[in-house]
Every structure is written in structure tokens, then in C-alpha cells.
S.K.: 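My questions all concern the structure below.
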Amino acid sequence: MPANPITADQHRCRFCSAPLHHTFVDLGMSPLCESYVSAEQVDQMEPFYPLHVRVCEKCHLVQLGSYVSAEHIFSEYAYFSSYSDSWLRHASNYVAMIAPRLGLGRDSLVVELASNDGYLLQYFVQKGVPALGVEPAANVAKVAVEKGVPTLVKFFGRQTAREMVAAGQAADLVIGNNVLAQVPDLNDFVAGINLLLKPDGVATLEFPHLVRLMEENQYDTIYHEHFSYFSLIAVERIFAAHELVLFDVDEIPTHGGSLRIYVRHVADAAKPVTAAVVDLRNRELAAGLDRMETYAAFAERVRESKRALLELLIRLRRQGKRVAGYGAPGKGNTLLNYCGIRTDFLDFTVDRNPYKQGRFLPGSHIPIHPVERLREARPDYILILPWNLRDEIVAQLADARDWGAKFIVPIPTARVLE
Ligand SMILES: [Zn+2]
């Protein structure tokens, strides 16, 4: 599936349009992380795009040029949120928290942007709270509708918001989980939230927190589909430009550490800004997120993490140890391509997803097998690519200890789990 390189200026900030002069980290050239290669494609050319992340000196938004269009990412999305038990639990807990907090009932309307297969809105429907999804991928939207979650198949922005308000669909609650980072036109999206939200409405948005990415060297969470990497101070500035105020924030563990922000109209003074917002803002300022040198230091930590991983793999291979991978997540592809790890270091990887089995990782062309292959091959070391699920994976592979295998985690820096 070819990507559509976008002709827009890649060297200007997608929020404030200032020229982007400063590198945050340059991970070289990489294929799109979800473009798994079939056996027939393995001898063909593969498109690679820059993973060169920059930071804006004016607004401190960390960002990647959009080399792949939103249509390409979203229009036929292969990811169904409901496949993940832990993500469903996260959604159900959120609904149990927010519905009473905002007093949502049968006269309310909840709208989720990028509502996927209705994994979250189904819990509002169960409570009798009217819900409406906005989801550009027709195949996943169809699944939501079959579940009883009404869904508009559309991209969200000013235009869609105006149409929805005209149709009487202004919202008491607007939800956006893991969508803000993937929006190429940030200003159009946030302006749309302002239009869609009732005067006393609330929007909550979740996205990976840049501070955690930096503190824990999570450079592998950088990929072409993630255009923006947000700190609280950057996201506050973006919403303020659209007359929206961040009045509360939760720090949550999903995706290696995320923020859930609570947003209201500037005029809605009934919701005071909480101590949590002030506290996090102060912590970010104390950590230097308003200074360019803080960002400049990150790239060297990433390079050192790469050297440590390669050093470990070289040592193990020289000792004649066999090393295999666990998992074929998008983040694994950024890591392997940046570090230059192919079958010279990693014999194969395994994944539970049948779609990926029998295919090859993009770029590195490491074969992906079913999990059982680990038990047949009995490698000496298992590199855990989805390190955020480390405990779950080590528990699932408890028998690996019986054949003497050890686990390696690559992030924040390579280490063998004892
Ligand atoms: Zn900027």
C-alpha cells in the first residue's frame, strides 16, 4: 500500500507555523511501522521515510513531518480496539468515572472522535447515555454500528463540527483517545472541538506524555503515524489559541505513560483550574521543557541506548547464544530499524496476532512466527519488543525459565531481566 507523501511544508511548525530549525532526535529512514511484508513482497522495494523529529523553538511542540496522509493511516484501519482486554477495561473504568462526575444522563450527548469499533462508547450506550462516534475508517465504524453505537464515517475538524452542530449534535462530552498525536492539521481539529462543545461541555483527551518519552528514552514510540508529541505546556498553548482551557489533568499509565486532559471553554468559569494542572505545569518547567537545551540533550541519550543494545547483542552472539524476539508491535519496528538489527542478531520474532504470523517485519525483514515457535526453538534470550507489556509477557512465558531462557528489555536501556 503506497503512502502519499504530503507536499505541505515539512519544515514549519504544524501549530504556530514557525520554521523548525532544531532536531529533537533523528532516527534515520524507516518504513511505515504497520506495513508488514508478506512472503511475496519480500524481494520487492520498500518505501522508507525520514523519522526526523524536530522541536519548535517558539511553542516547544515536538513533531514529525507528515510523510504519510491521514487518509492512508485511518481509512482502512486494521486495528480493532476491542481486541485488547486491558484497553477495554481502561475504557469501562473511564466511563464509570466520567458519567457521574459530569452528571451525564439520557438528555446528554457524548461524542468520541476516532471512536474505532465502539470499544468505549458501548459503555455509555449500556448506561442509557446517548453516544455518537466519529470514525473515518469505514470497516471499524461498521463494527461499532453493529454493536449499537451510532457512528459517522468522517474525518473530524471544523467542517464536520459545524455539520454536527447544525444537526443538533452539540456535545456535553467530547472524547479523543490517542487521536491528537495523529492529527496532521492540529488547529483544524482543536477548533472543531471548540465548535462541537456545548457552552458548559467538557472534552477529555488522552495522549502519550512527552515527559515520559524523554525520561524513559521511549524513542521507539516515535513513528510516522504519530505527528505530534505533547507536553502539558505545549498542549495548553494549543488549546488556549482556540479559546479552550485545560482545567484538570490525570497522569495515567497507558502507552508507557499518558496524560488525560480535561478541557472547557474559556468562558465557563464554573470549572476552576485544579492543583493537578498547576503542579504538572510547574514540574515540566522545573524539568526545563521551556528551554531548547533540554530537548537537545535527548538525542544523545537515544544514541547511547542504541549502543548499549547493540553491545549486548554483539556480546551474546559472539558467545554463540541464540536470540529471538517477542512481539511485532509498531514500536518494535522503529527500534529494530534505527538500531540496524536484522536476522544477524534476532533469528525471528513471534506474535499472537494471526495477521502478522507468516509475514516479515518492515525494513528488518525478521520473520514473524506463532508464539509456539519459541517453545520449539528454545532460544537463550528473548528480546521483548512491547516492553510496556513486559510483566504480562514474562508471566505468559513462565516456562521459558525452564529451558534457561532469559529476557531482555531494550528500553530505557538494554538490560537482561534476572
Ligand atoms: Zn510552534
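Whatever order the structure lists ligands and atoms in, that order sets their numbers, starting from 1.
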S.K.: If you count every heavy atom of other residues, nucleotides or ligands that lies below 6.0 Å from D43 atom CG, does the total exceed 12?
M.R.: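 No, not enclosed.
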S.K.: Using the ring of Y94 (Phe, Tyr or Trp, six-membered ring only), decide whether R260 places NZ or CZ under 6.0 Å from its centre and within 45 degrees of its axis.
M.R.: no
S.K.: Is the distance from the Zn ion (ligand 1) to some N, O or S atom of H60 under 2.8 Å?
M.R.: no
S.K.: Does the pair Y229 and Q218 meet the rule for a side-chain hydrogen bond (donor to acceptor under 3.5 Å, both in side chains), with working shown?
M.R.: CA-CA 12 Å; Y229 302 81; Q218 301 170 354; over 6 Å; no
S.K.: Could R301 and E304 be called an ion pair, given the rule that one side-chain N must be under 4.0 Å from one carboxylate O?
M.R.: no
S.K.: Once rounded to 10°, what is the value of the angle centred on the Zn ion (ligand 1) between C13 SG and C59 SG?
M.R.: 100°
S.K.: Kindly report the SG-the Zn ion (ligand 1)-SG angle for C56 and C16 respectively, rounded to 10°.
M.R.: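 With the Zn ion (ligand 1) as the vertex, the angle is close to 100°.
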